[in-house]
Enquirer: 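Have a look at this one.
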Amino acid sequence: MKEKIEKLREEMNQKLENVETLQELNDIKIMYLGKKGPIVELMNYMKELSVDEKKVFGKLINDLKTEMKNRIESLCIQLEMETLNQKLEQEQVDITLPATKIRIGSPNILEKLIEEVEEVFLSMGYDVVDGPEIEEDKYNFEMLNIPKGHPARDAQDTFYIEGEEILLRSQTSPVQVRTMLKGGGKTPIRMICPGKTYRRDDDDATHSHQFMQIEGLVVDHDISLSDLKGTIDVIVKKLFGSSIETRFRPSYYQFTEPSVEVDISCFNCKQDGCNICKHTGWITIAGAGIVHPNVLKMSGYDPKQWSGFAFGFGAERMAMLKYDIKDLRVFYNTDLRESNTFDRREDFLND
Ligand code: DAH
């Protein structure tokens, strides 16, 4: 029995000496110390021995078991350390290699343009105001001098929500009315309102059932068309460059009189003629005019004392022009590759 134990000790020691991996060590542990291993077998065999023999051999077997357990444990720690060191060695960072570029998201280009416009107007003392997208017919049309049945309504193919009274606003102009009603016919107004608008258009490269407008309204004493021109000039120069000129062409809107179409000189070809300006040298960017006396009156401002100007920009159109974007739908998809190319275009414009 004693010899058997000694032989087993030798055999195990030999095996443990040659162990190289944790897996091998684990296999040895299971093989020798496991339920079906030789040590358990020896322990079972003890039942056959006399009490005195049990005392002697029991101790020998237990000693062997404890000795092997301890040896395996310390070998395990040693091997774990070795594996860790090896891993650290292999994973050493080569700081001379070029770093992987971390891609950062960028703001939506339309949002960026609106923020730029807001900044310019805020610096001129304007308020940036908000209005509801679900609007009443009264504000969207009637108080803007477009009564029921007026043909001008057809041009703005509107989404009605409830009967003929509640709709998705087809323009941001109702916010003019709301702002004047708040002013109560007493306080001067300087505001812009960027916001979403809706029309029953089929989506294509230049149309969308939902688009952004930037409305503007100034009401004060002695406001004239030249105030409007000066103001538009500031924003145009900020957005498209200081050499850009503005011109007004007569137009017609129900809520302004006179009404104008705002053109800017083509920043792309410097008026030599190109596709952007359709070889005319000019690009239309907004509708505007002097607030119609009826509109002032309906909103509580006495046209004998007050006058004002208003304008409405199409935000997508401005961004498309500025960043040379051919398809309006890119503003509403979320592909980062698109926004990244816009950033590059902006760098180019700023150079
Ligand atoms: N609301 C007009 C539209 O959607 C744009 C517009 C034109 C707004 C003239 C104005 C304005 O404030 O004075 O077509």
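For ligands, and for the atoms within them, numbers begin at 1 and follow the listed sequence.
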Enquirer: Quickly, which of Arg178, Arg169, Lys196 forms a salt bridge (Lys or Arg N to Asp or Glu O under 4.0 Å) with Glu135? Name it, please.
Expert: Arg178
Enquirer: Salt bridge or not for Lys148 and Glu142, using N-O below 4.0 Å?
Expert: yes
Enquirer: For Thr83 and Gln86, does a side-chain donor sit closer than 3.5 Å to a side-chain acceptor?
Expert: no
Enquirer: Closer than 4.0 angstrom, basic N to acidic O: yes or no for Glu10 and Lys7?
Expert: no
Enquirer: Pairs of nitrogen or oxygen atoms, one from ligand 1 and one from the protein, closer than 3.5 Å: please tabulate them with distances.
Expert:
unit_1	atom_1	unit_2	atom_2	d
ligand 1	1 (N)	Gln171	OE1	2.7
ligand 1	1 (N)	Ser173	OG	3.0
ligand 1	4 (O)	Arg199	NH2	2.8
ligand 1	4 (O)	Gln213	NE2	2.8
ligand 1	12 (O)	Gln176	NE2	2.9
ligand 1	12 (O)	Glu215	OE2	2.6
ligand 1	12 (O)	Phe311	N	3.4
ligand 1	12 (O)	Phe311	O	3.3
ligand 1	13 (O)	Ala310	O	3.2

Enquirer: Report all side-chain donor-acceptor pairs from residues 59-66 shorter than 3.5 Å, counting only partners two or more places apart or in another chain.
Expert:
unit_1	atom_1	unit_2	atom_2	d
Lys59	NZ	Asp63	OD2	2.9
Thr66	OG1	Asn62	O	2.7

Enquirer: If the threshold is 4.0 Å, N to carboxylate O, is there a salt bridge linking Arg249 and Asp263?
Expert: yes
